[in-house]
Asker: 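Take a look at the following structure, please.
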Amino acid sequence: MNNLKSEIKINVELDENRVPENLTWSAQDGGVNNEEAKAMLLSIWDSNAKETLRIDLWTKDMPVDEMKQFFHQTLVAMADTFQRATTDEKMADTMRDFCDYFAEKLELK
């Protein structure tokens, strides 16, 4: 049996204080090659420990207004993913309501 593999690479360049200065990522299957990013949120489920492991990074030149947009778009995407993963449309809609509230309070809309 042939096992297919797909690799995603994340490179983090740090300054002398270990603060991210540059983030780049590659995903050959997705046609992404060494693309620049200003922030990333990575969550991994550890099934043995029943807990989420996280890596949250942003470069020191990430603008605050873009960080707010990034969080809003991430929350909306999480609601969509939650619905696809659980088929719980009611809770996904509740999450989307919060996303609307979040955007309104941050004056993103």
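A quick note: this is a predicted structure, and the numbers were derived from the prediction, not measured.
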Asker: Working to the nearest 0.5 Å, report the span between OG of Ser43 and CG of Asp56.
Answerer: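 The CG atom of Asp56 is 6.5 Å from OG of Ser43, to the nearest 0.5 Å.
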Asker: Quick one: do Val32 and Ile55 end up in the same hydrophobic cluster if we chain Ile, Leu, Val, Met, Phe, Trp and Tyr together by side-chain heavy atoms under 4.5 Å apart?
Answerer: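 Yes; tracing contacts between hydrophobic side chains, which count when under 4.5 Å, links both residues.
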Asker: Hey, does the side chain of Asp15 reach the backbone of Asn17 with a donor-acceptor pair shorter than 3.5 angstrom?
Answerer: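 Flag set: sc Asp15 to bb Asn17 pair under 3.5 Å.
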Asker: What residues, two or more places apart in sequence or in another chain, satisfy side chain to side chain contact (heavy atoms under 4.5 Å, CB included) together with Asn11?
Answerer: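 Once residues adjacent in sequence are excluded, the partners of Asn11 under the side chain to side chain contact (heavy atoms under 4.5 Å, CB included) criterion are Thr24, Asn34.
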Asker: Are the side chains of Ile44 and Thr52 in touch, meaning some heavy atoms are under 4.5 Å apart?
Answerer: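 No, side chains not in contact.
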Asker: Would you compute the distance between atom CZ of Phe71 and atom CG of Leu108 and round it to the nearest 0.5 angstrom?
Answerer: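 Nearest 0.5 Å value for the CZ-CG distance: 12.5 Å.
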Asker: Out of curiosity, does Leu42 fall in the hydrophobic cluster containing Trp58 (side-chain heavy atoms, cut-off under 4.5 Å, transitive links)?
Answerer: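 Shared cluster, no.
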Asker: Please enumerate all residues that pass side chain to side chain contact (heavy atoms under 4.5 Å, CB included) together with Lys50, with sequence neighbours excluded.
Answerer: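 Trp45, Ser47.
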Asker: Name all residues meeting the salt bridge (charged side-chain N to carboxylate O under 4.0 Å, His left out) criterion together with Glu21; count only those two or more places apart in sequence or in a different chain, and write none if there are none.
Answerer: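 By the salt bridge (charged side-chain N to carboxylate O under 4.0 Å, His left out) rule, Glu21 matches Lys60.
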Asker: Using the test side-chain hydrogen bond (donor to acceptor under 3.5 Å, both in side chains), find all partners of Asn22 that sit at least two apart in sequence or belong to another chain.
Answerer: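 Here the qualifying residues are Glu13.
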Asker: Partners of Gln28 by side chain to side chain contact (heavy atoms under 4.5 Å, CB included), sequence neighbours excluded?
Answerer: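 With neighbours one apart ignored, the set is empty.
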Asker: How close do Ala92 and Ala79 get, heavy atom to heavy atom, and via which atoms?
Answerer: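 Of all heavy-atom pairs spanning Ala92 and Ala79, the closest is CB-O, 3.7 Å.
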Asker: Find the distance between NE2 (His72) and CG (Asp100) and round it off to the nearest 0.5 Å.
Answerer: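 Spacing of NE2 (His72) from CG (Asp100) equals 6.0 Å.
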Asker: Honestly curious: do Leu106 and Met62 fall in one hydrophobic cluster under the side-chain, below-4.5 Å linking rule?
Answerer: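 Linked, Leu106 and Met62 end up in one cluster.
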Asker: Quick one: side-chain hydrogen bond (donor to acceptor under 3.5 Å, both in side chains) partners of Arg18, sequence neighbours excluded?
Answerer: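 Expected list: none.
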Asker: Tell me which pairs pass salt bridge (Lys or Arg N to Asp or Glu O under 4.0 Å) where either residue lies in residues 33-46, with sequence neighbours left out.
Answerer: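 Applying salt bridge (Lys or Arg N to Asp or Glu O under 4.0 Å) to every pair that reaches into residues 33-46, excluding sequence neighbours, yields Glu36-Lys38, Lys38-Asp61.
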Asker: If the condition is side chain to side chain contact (heavy atoms under 4.5 Å, CB included), which residues does Ser6 pass it with, not counting sequence neighbours?
Answerer: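 Testing Ser6 for side chain to side chain contact (heavy atoms under 4.5 Å, CB included), a comparison that skips the adjacent residues, returns Asp29.
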Asker: Any link between Val64 and Met40 through a network of hydrophobic side chains (Ile, Leu, Val, Met, Phe, Trp, Tyr) touching at under 4.5 Å?
Answerer: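 Val64 does not cluster with Met40.
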Asker: Between atom CG of Leu57 and atom CG of Leu41, what is the distance when rounded to the nearest 0.5 Å?
Answerer: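 Here the rounded value is 9.0 Å.
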Asker: Share the residues that join Phe82 in a hydrophobic cluster, the rule being Ile, Leu, Val, Met, Phe, Trp or Tyr side chains under 4.5 Å apart at the heavy-atom level.
Answerer: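 Reading the cluster by chain and number, Phe82 sits alongside Met91, Met95.
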Asker: I need the full list of salt bridge (Lys or Arg N to Asp or Glu O under 4.0 Å) pairs touching residues 77-90, with sequence neighbours left out, sorted by first then second residue.
Answerer: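 Applying salt bridge (Lys or Arg N to Asp or Glu O under 4.0 Å) to every pair that reaches into residues 77-90, excluding sequence neighbours, yields Asp80-Arg96.
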Asker: Should Trp25 and Val12 be regarded as members of a common hydrophobic cluster, given that ILVMFWY residues are connected when their side-chain heavy atoms come within less than 4.5 Å of each other, either directly or indirectly?
Answerer: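 In one cluster: yes.
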Asker: Answer yes or no: are there more than 12 heavy-atom neighbours, outside Met78 itself, under 6.0 Å from its atom CE?
Answerer: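 It does not: Met78 CE has 12 such atoms or fewer within range.
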